[in-house]
Each structure stands twice: as C-alpha cells, then as structure tokens.
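The structure under discussion appears below in the form of structure tokens.
Whatever order the structure lists ligands and atoms in, that order sets their numbers, starting from 1.
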Amino acid sequence: MKVLKFGGTSLGSVEGLSNVKTIVEQQREPVVIVVSAMSKITNKLVELAQAATEGDEACCDKLLESVYQRHYKMIGCVLDDKRTARAVRREIRHIVHDKLRAACRRLIDGGLDAKEAENVRNLIITSGEMMSSIMVSVMLHARLEVSTFFIKTHPTPEGDRVSEELTAALIVQRLRNRQEPVIIVQGFVAQDADTLATTTLGRGGSDYTAALIAAALDAKSLEIWTDVDGFMTADPRKSRHAKVIPNMTYGEAQEMCDAGAKVIYPPTIRPVALKNIPVWVKNTFNPMARGTRIADKRDSKLDDVSLTLDEQIKNEKQYKIQWD
Ligand code: ADP
Ligand code: ASP
Ligand code: MG
C-alpha cells in the first residue's frame with residue numbers, strides 16, 4: 001500500500017481536484033489519502049480565531065461566510081450529482097454556521113482559561129481539513145477515517161508533540177488490513193492523548209500526518225503531491241534558476257527542509273527515514289513529471305542531470321538567503 005498526501009493548492013481549484021481524482025483512480029494498490037484544507041482556508045480560520053478572541057463579531061461573520069462560500073462553490077463544481085452536492089453542502093453549512101459559529105461565540109463571550117481558549121482555537125483552525133476531507137471522500141466515493149482517533153499528542157514545554165508509539169499502534173489498529181481500496185484521512189489535526197482536546201501538528205503539518213501513517217503501515221512509498229515539479233534547488237517563487245532535484249537522500253532533504261524549503265514540513269522526514277520508505281514529491285498539476293525521489297541512497301538511474309546536488313546548490317549563489 002501507499003500513502004498519498006495532497007496539499008492545499010491541489011484541493012483548492014477545480015483543475016486540482018479533478019487531477020486528484022484521476023491520480024487516485026489510477027492507483028493499482030490500496031492507498032491512504034491524506035488531505036490538507038483547501039488553499040488559504042487555514043489562514044482564514046486563523047484570522048477567524050483571532051477575530052473571535054478580540055471579540056470582533058462583524059469580522060467573524062464575514063470570515064464564516066467566506067469560508068462557507070468557498071466550499072459551497074467548489075462542491076457545485078466537483079460533485080455532479082445534485083442531491084449529493086446538496087447533502088455535502090448541508091454538512092459543510094453545519095460545520096461552518098453551527099459548530100464554528102458556536103466555537104467563535106465561546107471565544108467572544110470570554111471567561112475561558114488559557115488552555116480552554118487554545119483548545120477552541122485549535123478546533124477552529126483544524127476545521128478546514130474536516131471540510132476538505134468530507135468533500136474529497138464524497139468525490140472519490142471513498143471511506144473517511146477521522147485522524148483524531150489515531151494521531152495523538154502530548155503537551156511539552158515546546159508545544160504539543162506527537163506521542164509516536166501510541167500513534168503508530170493506533171494507526172495499525174485503525175488502518176491496517178482494511179478492505180477499502182481508498183481511505184481518506186485529514187492531515188494537520190491531532191488529539192491530546194489524555195484530555196482528548198483537539199491539537200495540531202503545526203502549520204504545514206499534513207505532510208507529517210502522512211509520514212506517520214506511511215511509517216506505521218510500512219507503506220511502499222509516501223507521495224507528497226503539491227504544486228511544483230519536485231523538490232527544487234531553491235523556492236521557484238523566489239528564484240528563476242530553481243531546478244528540480246531528481247534524487248536526494250533523507251539527510252539532504254532534511255537539511256533543506258530545516259533551512260526553510262517549505263515543500264516538505266521538516267518533521268516529515270524522520271519517521272519515513274527510520275523505516276526506509278521512499279518519498280516522492282510530485283506535481284498534481286503536472287503528474288507526468290517524474291518528481292523527486294528521497295531515499296537512503298541516491299538512485300543513480302534517476303541522476304540524469306549532470307550536476308550533483310552539492311554542485312547545484314553551489315550554483316544557486318543566493319541559496320542561503322532565499323528561504324525565509
Ligand atoms: P502544499 O499546499 O502542497 O503543502 P506548500 O505551499 O506547503 O504546498 O509547498 C509547496 C511550495 O513550496 C511551492 O509552491 C514552492 O513555492 C515552495 N518551495 C519552497 N522551497 C521549495 C523547494 N526547495 N522546492 C520546491 N518548492 C519549494
Ligand atoms: N492546512 C494546514 C496549514 O495550512 C496544514 C497543511 O496544509 O499541511 O498549515
Ligand atoms: Mg505544505
């Protein structure tokens with residue numbers, strides 16, 4: 001089996017979602033699909049939580065409506081069956097206009113201690129994944145598994161951290177030996193193992209969710225589907241000279257992620273490296289491009305560019321200052 005993770009841009013347009021459908025339908029073995037929120041939705045939800053904390057009701061109303069409208073429109077575009085689309089819209093309306101509104105109300109009314117307020121904020125900012133996963137699972141006729149049942153965290157002075165052993169055991173219990181060819185789960189969201197409060201894996205954390213699942217299930221590979229042709233020598237948004245790196249080791253990828261290469265969230269590499277599971281970075285908008293393979297050793301067959309990674313990086317003169 002394989003684990004495929006689709007990021008926000010892959011899910012944020014009709015083109016992206018229809019490519020996601022094709023990519024998943026072409027799989028020839030069981031897959032677990034990890035989804036982020038639609039692009040820009042988590043930012044809106046962070047703003048929403050902030051507005052509610054500041055008691056700005058008008059701003060909350062505006063943001064809630066805009067989050068709802070974005071999903072409303074997309075559902076109309078990707079779900080052909082009108083009755084199904086209506087049912088999914090009802091569910092999204094319930095999440096936005098009942099659950100999220102109630103969560104905002106709790107922050108606006110105040111009286112929560114710091115921990116309670118944090119829990120409510122986490123509930124708000126992770127709802128983007130809840131909504132996108134419903135939409136994608138209906139679009140793909142696939143089963144949805146809620147990841148708070150198996151991605152568990154514990155608090156530390158540096159913030160919530162994944163309880164790795166418990167999480168691995170629960171993933172196995174919940175997802176191994178399943179009959180369904182496609183299972184959808186939410187990235188980013190987690191749950192405190194003791195209090196059962198909603199927690200997060202940090203911004204960009206869906207990659208990490210996918211890696212935890214791939215490692216626990218000994219997946220054949222982990223595929224990170226995003227909006228660029230692979231892991232590149234620099235952020236293509238900042239450097240015109242950025243080139244796709246066909247082949248990297250876990251160590252090289254980790255180093256670049258730690259230096260700010262946003263294409264993979266840094267904690268993602270470790271769980272898959274420990275199990276020696278290859279990671280592919282692929283482009284949802286250009287699925288025929290080969291992408292980048294990350295593994296313990298470089299595969300010489302993939303090195304059809306003449307430069308080594310070190311040389312490519314050296315050639316990117318401003319490399320160090322291109323990350324922010
Ligand atoms: P997703 O929504 O799929 O998780 P992200 O926005 O988190 O996507 O990551 C993809 C983006 O990362 C690209 O659009 C690109 O601008 C940026 N990026 C930064 N550094 C790199 C790099 N070294 N290689 C490829 N993309 C990079
Ligand atoms: N939706 C979350 C974020 O925007 C997680 C992710 O995209 O990986 O940070
Ligand atoms: Mg990302």
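- One hydrophobic cluster, built from ILVMFWY side chains closer than 4.5 Å, cannot hold both V3 and V182; they sit in different ones.
- Of all the heavy atoms of A234, the ones lying under 4.0 Å from any atom of ligand 1 belong exclusively to the backbone.
- Nearest to atom 16 (O) of ligand 1 by heavy-atom distance, out of R237, R203, M38, is R237.
- Ion pairing of K262 with D235 is absent here, as no side-chain N (NZ or NE/NH1/NH2) approaches a carboxylate O to less than 4.0 Å.
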Given the rule in the side chain to side chain donor-acceptor pair (under 3.5 Å) test, do N43 and E47 qualify, once you have shown the distances and angles that lead to the verdict?
CA-CA 6 Å; N43 286 352; E47 267 182 67; over 6 Å; no
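- At a 4.0 Å heavy-atom cut-off, the residues surrounding ligand 2 are S36, A37, T42, E129, F188, R203, G204, G205, S206, listed by chain and number.
- Pairs passing the ring pair (Phe, Tyr, Trp, His ring centres under 6.0 Å) check and including a residue from residues 53-101, sequence neighbours excluded, read Y68-Y72, Y68-H97.
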When you look at L212 and I171, which way does the side chain to side chain contact (heavy atoms under 4.5 Å, CB included) test go after all the steps?
CA-CA 8 Å; L212 292 166; I171 291 170; 4.3 Å; yes
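- Legend: side chain to side chain donor-acceptor pair (under 3.5 Å) pairs involving residues 14-25, not counting sequence neighbours, sorted by first then second residue: K21-E25.
- For residues 142-157, the pairs satisfying side chain to side chain donor-acceptor pair (under 3.5 Å) are R143-E145, E145-R174, E145-R178, S147-Q186, K152-Q191, T153-T199, H154-S163, with sequence neighbours left out.
- Near F231, meaning under 4.0 Å from one of its heavy atoms, ligand 1 places the atoms 23 (N), 24 (N).
- Within the 4.0 Å heavy-atom shell around ligand 1 one finds P236.
- For the residues T42, D235, D227, L11, the heavy atom positioned nearest atom 19 (C) of ligand 1 is part of D235.
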